[in-house]
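When a residue number appears, it is its place in the shown sequence, counting from 1. Quick caveat, the model's predicted, so the values are computed rather than measured.
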Amino acid sequence: MATIIVLGAGLGGMAAAYEIRAAIGKNHAITVVGESPHFNFTPSNPWVAVGWRKPADIRIEAAPSLGKHAIDFVDTAAEAVVPSQNQVRLVGGRVLDYDYLVIATGPRLAFDEVPGLGPSAGFTQSVCTGPHAQGAWQAYEAFLANPGPIVIGAVQGASCFGPAYEFALIIDADLRKRKLRDRVPMTYVTSEPYIGHMGLGGVGDSKSLLESELRQRHIKWIANARVTAVESGTIKVDEVDTKGNTSQSHELPFAYSMLLPAFTGVDAVRGIEGLTNPRGFILIDEHQRNPNFRNIYAAGVCVAIPPVEATPVPTGAPKTGFMIESMVTAIAHNLRDDLAGRVGKARATWNAVCLADMGDTGAAFVALPQIPPRNVTWARVGKWVHLAKVAFEKYYLRKMRTGNTDPVYEKYVLKALGIERLKSDPPAT
């Protein structure tokens with residue numbers, strides 16, 4: 001009997017545990033290690049931050065749901081991974097041994113890389129975690145009593161731009177509903193070389209689409225932006241040219257701000273030679289397996305993916321929800337083959353399917369695959385996207401409660417759209 005540890009209980013970790021259990025059966029032990037008792041549906045955090053959802057609406061108790069599938073759950077953070085000994089050491093001293101380790105921790109949020117950034121030691125809000133979103137709502141409630149300028153965006157090194165666009169457009173919609181929008185100047189600040197780049201070199205006509213949406217809502221923007229510091233009520237931004245030289249410096253006043261940080265790998269894995277890159281992200285091959293520690297797999301934001309292209313201000317490549325699910329499926333297939341004595345060869349498609357809410361409408365982006373060159377790339381705007389995202393939230397929470405990792409919706413509807421989780425081998429010539 002093999003012992004498999006899944007490190008992380010978010011979008012990647014929970015899905016990985018369920019898919020691995022379905023693939024390998026009940027003859028092997030699976031344990032999920034998470035930092036809290038809850039699975040939180042991260043894509044809905046922007047709604048929590050404006051009071052459209054309560055934290056309890058988008059989370060479930062992890063242990064009971066996993067337990068239905070004979071998966072153990074430990075709600076204690078990992079302190080260190082020790083690949084040379086096949087161990088995970090937890091905060092408090094407990095040690096877990098493993099035969100296989102699946103790392104799906106998500107990122108460390110590098111607020112410390114910009115002075116004054118972040119909700120704990122700084123002056124800006126975040127929607128990256130459930131507690132951050134709840135704190136952002138409390139700050140927003142106070143802001144509503146005394147409105148002023150808002151600055152939203154993503155700093156240098158950020159790789160997840162979708163939530164920043166979402167939050168800017170959701171707040172715009174919320175302020176319009178409250179009849180307060182005319183009292184709130186808004187500025188969008190981003191390290192992207194242009195609006196709609198999204199760390200992907202654009203998706204379809206995303207540049208024109210998102211510029212139009214910001215323009216219609218009277219949201220000014222600064223692209224190619226490097227945030228140098230945040231002080232109480234002021235954000236300092238250097239706008240750079242195509243060569244990365246400062247062309248203009250700005251001091252933006254704000255009464256409320258949400259800026260997404262850069263990511264690194266989590267402390268439990270950073271600095272392990274052969275496991276991570278210098279930023280602490282897990283090195284993987286095309287089968288989601290670490291090339292040096294062959295019994296370690298990784299999925300999600302924690303994996304090392306190089307930027308799509310060099311940009312004047314550093315940007316990273318995002319790891320979107322469906323891309324993560326494709327990684328998870330490849331891991332489950334490869335683990336099954338490893339345990340059967342075969343060589344696992346499954347490869348994730350890394351297709352990107354993104355539904356971005358805009359409060360009363362939304363934008364959908366499809367990139368097949370996520371990293372160019374692509375077979376399919378398009379972007380669309382419409383109220384149907386907002387409704388689809390609401391439906392997807394309900395669907396995914398139910399999926400995590402039941403552990404049904406391959407429902408009819410994904411098996412047939414996405415396949416009909418040409419969206420697959422695993423790559424097919426090229427036809428023989």
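For the pair Asn334 (side chain) and His287 (backbone), a donor-acceptor distance under 3.5 Å is present. Between the side chain of Thr234 and the main chain of Glu231, no donor-acceptor pair closer than 3.5 Å is present. With hydrogens and angles disregarded, no donor-acceptor distance shorter than 3.5 Å links the side chain of Ser257 to the backbone of Ile152. The main-chain N or O of Asp241 is never found under 3.5 Å from a side-chain atom of Asn245 such that the two would form a donor-acceptor pair. Looking only at distances, no side-chain donor or acceptor of Lys383 sits under 3.5 Å from a matching main-chain atom of Gly362. For the pair Arg181 (side chain) and Arg217 (backbone), a donor-acceptor distance under 3.5 Å is present. Side-chain atoms of Thr187 never come within 3.5 Å of backbone atoms of Val151 as a donor-acceptor pair (strictly under, hydrogens ignored). At distances below 3.5 Å, not a single donor-acceptor pair connects side-chain atoms of Gln288 with backbone N or O atoms of Ile331. Remark: side-chain polar atoms of Arg380 are not paired, donor with acceptor, to backbone N or O of Ala364 under 3.5 angstrom. Put simply, the side chain of Thr190 gets close to the backbone of Glu192: a donor and an acceptor are under 3.5 Å apart.
The existence of a salt bridge linking Lys399 and Glu325 is confirmed by a sub-4.0 Å separation between a basic side-chain nitrogen and an acidic carboxylate oxygen. Salt bridge status for Lys177 with Asp360: absent, with no side-chain N to carboxylate O gap under 4.0 Å. Between Arg401 and Glu61 there is no salt bridge, since no side-chain N of the basic residue sits under 4.0 Å from a carboxylate O of the acidic one.
Paired with Glu113 under the rule side chain to side chain contact (heavy atoms under 4.5 Å, CB included), one option of Thr264, Val155, Val227 passes, and it is Thr264. Checked against Ile30 for a side chain to side chain contact (heavy atoms under 4.5 Å, CB included), the options Asp72, Ile24, Ile5 give a single hit: Ile24.
A donor-acceptor contact under 3.5 angstrom links the side chains of Thr329 and Glu19, judged on distance only. Side chain to side chain, Trp378 and Asp205 fail the donor-acceptor criterion of an N or O pair below 3.5 Å. With no hydrogens or angles considered, no side-chain donor-acceptor pair links Thr402 and Asn404 at under 3.5 Å. For the residue pair Ser249/Asp238, the side-chain donor-acceptor check at 3.5 Å is satisfied.
Across Asp57 and Leu397, no two heavy atoms sit closer than the pair O-CD1, 3.5 Å. Heavy-atom minimum distance, Val32 versus Gly8: CG1-O, 3.6 Å. Nearest heavy atoms, Gly13 versus Val6: O-CG1, 3.5 Å. Minimum interatomic distance between Ala299 and Val328 (heavy atoms only, all atoms of both residues): CB-CG2, 4.1 Å. When all heavy atoms of Val184 and Pro147 are compared, the closest pair comes out as CG2-CB, 3.9 Å.
Stacking of Lys207 on the aromatic ring of Phe365 is not recorded, the 6.0 Å distance cut-off and the 45° axial limit not both being met.
Between Phe263 and Cys302 there is no side-chain heavy-atom pair separated by less than 4.5 Å. Between Arg178 and Leu144, the closest side-chain pair of non-hydrogen atoms falls below 4.5 Å. Residues His132 and Trp137 are not in side-chain contact: their nearest non-hydrogen atoms beyond the backbone lie 4.5 Å or more apart. By the 4.5 Å heavy-atom criterion applied to side chains, Pro46 and Val48 are not counted as neighbours. Counting only heavy atoms from C-beta outward, the side chains of Ile282 and Leu275 approach each other to under 4.5 Å. At least one side-chain heavy atom of Ile58 sits less than 4.5 Å from a side-chain heavy atom of Asn45. Using a 4.5 Å heavy-atom threshold, the side chains of Glu251 and Ile235 count as separate. Between Phe41 and Glu393, some side-chain heavy-atom pair lies under the 4.5 Å cut-off.
Within the structure, ring-ring contact (aromatic ring centres under 6.0 Å, His included) pairs that include any residue of residues 180-224 comprise Tyr165-Tyr188, Tyr194-His197 (at least two apart or interchain).
Rounding to the nearest 0.5 Å places NE2 of His28 at 9.5 Å from CG of Leu335. To the nearest 0.5 angstrom, Glu213 atom CD is 9.5 Å from Ile219 atom CD1. Considering CE of Met198 and OG1 of Thr315, their distance stands at 12.0 Å, rounded to 0.5 Å. Between Arg289 atom CZ and Leu283 atom CG the span is 14.5 Å, to the nearest 0.5 Å. Between the CG atom in Asp75 and the CD atom in Glu35 there is a gap of 10.5 Å [rounded to 0.5 Å]. For the atom pair CG of Leu101 and OG1 of Thr31, the computed distance is 11.5 Å after rounding to the nearest 0.5 Å.
Below 30°, between 30° and 60°, or above 60°: for Tyr297 and Tyr100 the angle between ring planes is between 30° and 60°, a tilted geometry. The aromatic rings of Phe143 and Tyr256 sit tilted relative to each other, their planes meeting at an angle between 30° and 60°.
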>> Between His386 and Leu355, does the side-chain contact (heavy atoms from CB on, under 4.5 Å) criterion hold? Intermediate values first, please.
In response: CA-CA 8 Å; His386 170 76; Leu355 301 176; over 6 Å; no

>> Determine whether Phe161 and Ser191 satisfy the following criterion, side-chain contact (heavy atoms from CB on, under 4.5 Å), listing intermediate values before the conclusion.
In response: CA-CA 9 Å; Phe161 297 94; Ser191 53; 3.6 Å; yes

> Can Leu260 and Val127 be said to form a side-chain contact (heavy atoms from CB on, under 4.5 Å), step by step?
Replying inline: CA-CA 8 Å; Leu260 296 179; Val127 293; 4.2 Å; yes

> How far apart are the C-alpha atoms of Phe254 and Val230, what are their side-chain angles, what is the distance that settles it, and do they pass the side-chain contact (heavy atoms from CB on, under 4.5 Å) test?
Replying inline: CA-CA 10 Å; Phe254 72 93; Val230 183; 4.0 Å; yes

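With sequence neighbours excluded, the residues forming a side chain to side chain donor-acceptor pair (under 3.5 Å) with Trp52 are Asp174, listed by chain and number.
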